[in-house]
A.B. asks: 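Supplied in structure tokens, the structure appears directly below.
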Amino acid sequence: MSDTNKPVGDATKVVLAGRRPEWTQGIVSPPVWRASTILYDSVGHLRESATKDTHHRLFYGRKGTPTQWSLADALTSLEPGAEGTFLYCSGVAAIAAALLSVLSPGDELLLVDSAYDPTRGMAGGLLKRFGITTRYYDPMIGAGIADLIGDKTRAIFMESPGSLSFEVQDVPAIVAAAKARGVTTLLDNTWATPLFFPAIERGVDLTILAGTKYVVGHSDVMLGSVTAAPGHFKKLRETSFQLGQVASPDDCWLGSRGLRTMAVRLAQHQSSALTIAKWLQGRPEVAQVLHPALPDCPGHDLFVRDFKGSSGLFSFVLNGGDEASRAALIDTLQLFGIGYSWGGFESLAIPADPQRYRSVTKRDAAGPMVRLQIGLEDPADLIADLEAGLDAFRQARG
Ligand SMILES: Cc1ncc(COP(=O)(O)O)c(C=O)c1O
């Protein structure tokens with residue numbers, strides 16, 4: 001049993017991915033190989049080993065073991081056309097390594113205004129300290145990005161859909177403009193995963209996942225990955241090794257375990273989230289549902305053109321109300337936990353305030369916003385829970 005090059009469906013792909021016989025040794029899943037020290041037979045063997053590439057070869061624990069190689073290999077195989085994947089201890093660590101593999105002092109980064117806040121924090125903190133400037137751009141800019149590309153622009157960072165407000169970007173148009181000017185493109189693809197948006201096939205150079213979300217799927221592990229197009233993996237790997245990056249074998253094993261069910265989980269997240277988003281559309285307390293698969297979401301036409309499916313995270317804007325009435329809604333929910341992150345089996349709700357994290361775009365919303373992560377519970381139960389929450393909101397709003 002190993003990877004196959006025959007075209008197969010997503011559910012088959014994630015079952016087969018990364019299970020090379022030399023790593024499984026006949027066991028269904030590669031076991032956890034924990035290691036720091038690797039022992040050699042002799043000084044000669046140790047010296048000889050140091051002269052060879054460590055790709056898929058035991059050398060020292062920091063260079064990984066079959067447990068990590070298997071998950072990295074699996075993620076590469078989910079991205080048609082990709083050269084390789086490096087794993088990290090979190091999604092943010094993956095974003096940092098990807099950016100540092102591309103940018104040098106004096107360079108400029110174009111960063112989408114709807115990026116995840118810690119990505120923005122990295123640009124204004126670490127990158128700025130190293131003499132890298134950042135210019136924010138409107139998530140709806142599309143081909144217009146060409147006008148922002150200057151002599152110092154080295155990279156364009158996209159996140160589609162955007163954090164909290166879910167604007168869908170025109171990735172192919174941005175990629176085309178970047179390629180014409182020799183600029184590297186990076187995409188935070190955590191929402192769609194390669195199953196719903198095969199980023200490398202769409203021309204992206206470095207595609208990033210917070211594996212913490214859908215890969216792991218159980219809200220109990222932090223993981224990140226960067227998958228690189230040909231020509232970009234060597235630098236990514238070199239930079240990541242220099243940064244001392246290594247994802248723990250135990251966490252990677254849990255990531256691999258999660259991956260086996262990712263396609264079926266995503267199908268359920270998609271179906272339940274759409275059911276609930278459509279139900280919310282019909283509620284008088286709701287002014288707008290920001291779900292990429294629904295027409296109210298900026299960039300919905302691009303979603304229809306480019307994506308193969310939608311996942312379980314979206315936001316909605318309340319009709320009027322304030323901080324207190326929004327809190328009344330969320331605090332009333334019994335089946336939705338209140339907490340950060342998403343992509344696990346359980347539903348979550350948080351207040352979302354994207355306007356706090358914007359530099360060049362403004363959002364005029366009818367009321368406060370709530371972000372929902374729709375888990376694997378029965379959608380009818382989640383709807384009943386939300387109904388009680390909206391009742392509480394109405395009463396608190398007056
Ligand atoms: C879109 C997006 N990218 C990256 C991350 C960071 O992932 P991690 O929490 O694993 O560092 C998150 C976390 O919420 C996220 O929502």
Side-chain angles (χ1 to χ4, degrees), residues 71 75 85-100 111-123 125-126 139 157-169 171 186-197 199 204 206-227 240 243 245-248 250-252 254-255 258-259 262 266 269 273 290-292 297 299 307 310-315 337-344 346-354 356-358 369-375:
L71 178 59
L75 293 172
T85 297
F86 205 98
L87 301 172
Y88 303 87
C89 61
S90 71
V92 165
I95 293 167
L99 286 167
L100 290 174
L111 176 56
V112 66
D113 210 20
S114 51
Y116 178 54
D117 185 44
T119 308
R120 297 171 58 95
M122 208 179 300
L126 183 75
F157 192 102
M158 302 170 276
E159 184 182 323
S160 182
S163 268
L164 305 179
S165 45
F166 295 90
E167 299 92 338
V168 182
Q169 293 194 248
V171 174
L186 302 92
L187 171 72
D188 184 333
N189 197 29
T190 304
W191 184 87
T193 82
L195 300 190
F196 288 159
F197 189 88
V204 172
L206 294 165
T207 177
I208 299 155
L209 295 180
T212 311
K213 322 297 180 200
Y214 289 121
V215 172
V216 167
H218 293 74
S219 303
D220 47 11
V221 177
M222 305 293 298
L223 264 183
S225 68
V226 183
T227 299
S240 302
L243 288 167
Q245 287 288 354
V246 57
S248 119
D250 293 83
D251 291 347
C252 291
L254 283 164
L259 191 68
M262 190 169 82
L266 275 175
H269 285 297
L290 296 167
H291 184 304
C297 189
F307 285 65
S310 56
S311 63
L313 191 78
F314 68 93
S315 290
I338 304 170
Y340 295 116
S341 201
W342 44 282
E346 82 293 9
S347 290
L348 297 168
I350 53 164
D353 299 302
R356 284 194 196 166
Y357 315 106
R358 291 291 187 273
M369 196 186 279
V370 177
R371 189 187 77 178
L372 297 179
Q373 128 82 9
I374 303 300

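For ligands, and for the atoms within them, numbers begin at 1 and follow the listed sequence.
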A.B. asks: For a side chain to side chain contact (heavy atoms under 4.5 Å, CB included) with Thr207, tell me which candidate from Asn189, Thr190, Leu186, Thr193 qualifies.
C.D. replies: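 Looking at Asn189, Thr190, Leu186, Thr193, the match for Thr207 under the side chain to side chain contact (heavy atoms under 4.5 Å, CB included) is Asn189.
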A.B. asks: Going by atom types only, do Glu346 and Ser219 share a side-chain donor-acceptor pair under 3.5 Å?
C.D. replies: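 Note: Glu346 and Ser219 side chains meet the donor-acceptor criterion.
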A.B. asks: For Ser225, which residues count as a side-chain hydrogen bond (donor to acceptor under 3.5 Å, both in side chains) partner, sequence neighbours excluded?
C.D. replies: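 With sequence neighbours excluded, Ser225 shows a side-chain hydrogen bond (donor to acceptor under 3.5 Å, both in side chains) to no residue whatsoever.
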A.B. asks: Do Cys297 and Pro292 have side-chain heavy atoms sitting under 4.5 Å apart?
C.D. replies: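 Side-chain contact under 4.5 Å: yes.
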A.B. asks: Below 3.5 Å only, please: the N or O atoms of ligand 1 paired with protein N or O atoms, distance on each line.
C.D. replies:
from, atom 1, to, atom 2, distance (Å)
ligand 1, 3 (N), Asp188, OD2, 2.6
ligand 1, 10 (O), Gly91, N, 2.8
ligand 1, 10 (O), Thr212, OG1, 2.5
ligand 1, 11 (O), Gly91, N, 3.1
ligand 1, 11 (O), Val92, N, 2.9
ligand 1, 14 (O), Tyr116, OH, 3.3
ligand 1, 14 (O), Lys213, NZ, 2.7
ligand 1, 16 (O), Trp342, NE1, 3.0

A.B. asks: One pair to check against ring-ring contact (aromatic ring centres under 6.0 Å, His included): Trp191 and Phe196. What are the steps and the verdict?
C.D. replies: CA-CA 9 Å; Trp191 184 87; Phe196 288 159; 7.6 Å; no
A.B. asks: Ring-plane angle category for His291 and Phe314, please: parallel below 30°, perpendicular beyond 60°, tilted otherwise.
C.D. replies: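 It falls in the tilted class, 30° to 60°.
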